[in-house]
Amino acid sequence: LSFFDFVIEIRLKIYSELLVHTEPIVFVADYGPPSPPLFRSKREGLCPALLRVNKKVHGEASSLLYSNNRFRFPDIFVSTPSATDSPHIAPFLRQIGSQASLIRHICITFPTFHDFRHERAMLHEAHIKNLELIRDTCTSITTLELLLPPDSANYAFDDSPIAAEALDLLDTRFKAIPSLKEIIINFQVYAAEDLSDYRIKIRDRGWTVEVTK
């Protein structure tokens with residue numbers, strides 16, 4: 001009895017055990033190069049090498065790996081004053097090619113804007129490129145999760161008209177991704193905080209709130 005003698009339902013269950021993680025798949029990057037390679041922060045619990053067994057296994061199992069997992073990407077830190085730290089997602093999407101169209105859930109840090117002192121809201125170019133890359137390659141994405149680090153909520157959800165304009169620009173970018181159904185704003189906090197004002201602003205836009213300690 002060979003593996004392929006099992007019915008497809010059993011094979012898919014086995015693939016899921018080896019390829020689907022309950023926690024996000026978290027990538028990290030080396031510091032230094034402008035475009036460093038990405039590595040999984042934890043390798044236990046997943047066996048992507050399974051996809052290299054043969055073409056049939058790859059055809060049956062690859063959609064599970066990309067569709068049923070959540071992918072979290074790191075920021076690349078920059079020292080140029082005119083630039084900004086931004087999520088490093090391009091190497092992974094380039095590497096997996098057309099499989100990017102299977103991805104449904106991506107997690108990145110909350111996009112930043114140019115200094116509000118210029119009295120106009122402008123999304124940093126690096127974040128625009130990332131959102132356009134997600135739009136163009138991850139054509140099945142349904143959930144975009146944005147991590148909001150501690151002490152960043154005041155910046156992102158300030159009461160000023162310019163901050164509101166910035167969120168409008170961001171919302172326009174989200175709506176340009178046709179398959180996107182859910183925006184999650186994930187507040188990362190050190191301790192219990194009163195986020196009620198932020199929750200109202202976020203829910204008024206149709207976005208979802210989560211809190212991670």
*Start with the C-alpha gap between Arg70 and Ile25, add the side-chain angles, then the distance that decides, and say whether side chain to side chain contact (heavy atoms under 4.5 Å, CB included) holds.*
CA-CA 6 Å; Arg70 294 170 288 162; Ile25 297 175; over 6 Å; no
[X] versus [Y]: any side-chain heavy-atom pair under 4.5 Å?
X	Y	value
Pro111	Leu146	yes
Glu182	Thr208	yes
Leu12	Leu64	yes
Ile183	Ile202	no
Leu93	Ile103	yes
Lys56	Phe4	yes
Phe71	Ile89	no
His58	Arg52	no

Gap separating the [atom1] atom of [X] from the [atom2] atom of [Y], nearest 0.5 angstrom:
X	Y	atom1	atom2	answer
Thr22	Asn68	OG1	CG	12.5 Å
Ile108	Leu144	CD1	CG	5.0 Å
Glu210	Ile185	CD	CD1	10.0 Å
Arg135	Ile128	CZ	CD1	11.0 Å
Ile141	Leu102	CD1	CG	12.5 Å
Leu180	Thr139	CG	OG1	12.5 Å

Using a strict cut-off of less than 4.0 Å between a Lys/Arg side-chain nitrogen and an Asp/Glu carboxylate oxygen, indicate whether [X] and [Y] qualify as a salt bridge.
X	Y	answer
Arg205	Asp168	yes
Asp159	Lys201	yes
Lys175	Asp171	yes

Considering all heavy atoms, the nearest [X]-[Y] contact:
X	Y	answer
Ser67	Arg104	O-CD, 3.5 Å
Gly59	Ser62	O-OG, 4.3 Å
Val211	Arg199	CG2-NH2, 3.5 Å
Ser179	Ser140	OG-C, 3.6 Å
Asp194	Ser196	OD1-OG, 2.8 Å

For the backbone of [Y] and the side chain of [X], can you confirm whether one donor and one acceptor N or O come within less than 3.5 Å of each other?
X	Y	result
His21	Glu23	yes
Ser101	Cys138	no
Asn69	Pro24	no

*I would like to know whether Leu46 and Val20 meet side chain to side chain contact (heavy atoms under 4.5 Å, CB included); could you show each step before the answer?*
CA-CA 7 Å; Leu46 282 180; Val20 179; 5.9 Å; no
*Measure up the Phe73 and Phe27 rings against each other and bin them: parallel (under 30°), tilted (30 to 60°), perpendicular (over 60°).*
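Parallel.
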*Which of parallel (below 30°), tilted (30 to 60°) and perpendicular (above 60°) describes Tyr15 and Phe3?*
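The rings of Tyr15 and Phe3 sit tilted, inter-plane angle from 30° to 60°.
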_Donor-acceptor pair between Thr212 and Gln188 side chains, under 3.5 angstrom_ =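 Checked: Thr212/Gln188 side chains show no N/O donor-acceptor pair below 3.5 Å.
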*Is the number of heavy atoms from other residues, nucleotides or ligands under 6.0 Å of Lys129 NZ greater than 12?*
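For Lys129, atom NZ is not crowded (no more than 12 foreign heavy atoms under 6.0 Å).
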Check for me, please, whether [X] and [Y] land in the same ILVMFWY cluster - side-chain distances under 4.5 Å, paths through other members count.
X	Y	answer
Ile200	Leu167	no
Ile96	Val53	yes
Trp207	Leu169	no
Tyr66	Val26	no
Leu195	Ile184	no

*asked:* Using side chain to side chain contact (heavy atoms under 4.5 Å, CB included), reason through Leu170 and Leu131 one step at a time and then give a plain yes or no.
replied: CA-CA 10 Å; Leu170 194 55; Leu131 292 173; 4.1 Å; yes
*Kindly confirm or rule out a cation-pi arrangement of Lys213 over Tyr190, judged by NZ or CZ under 6.0 Å from the six-membered ring centre and within 45° of its axis?*
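No.
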*asked:* Taking the six-membered ring for Trp, are Phe187 and Phe110 closer than 6.0 Å centroid to centroid?
replied: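 Not under 6.0 Å, so no.
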*Please report the C-alpha distance between Leu147 and Glu145 in whole Å, then the side-chain angles of each, then the deciding distance to 0.1 Å, and finally whether the side chain to side chain contact (heavy atoms under 4.5 Å, CB included) criterion is met.*
CA-CA 7 Å; Leu147 298 177; Glu145 183 176 349; 4.1 Å; yes
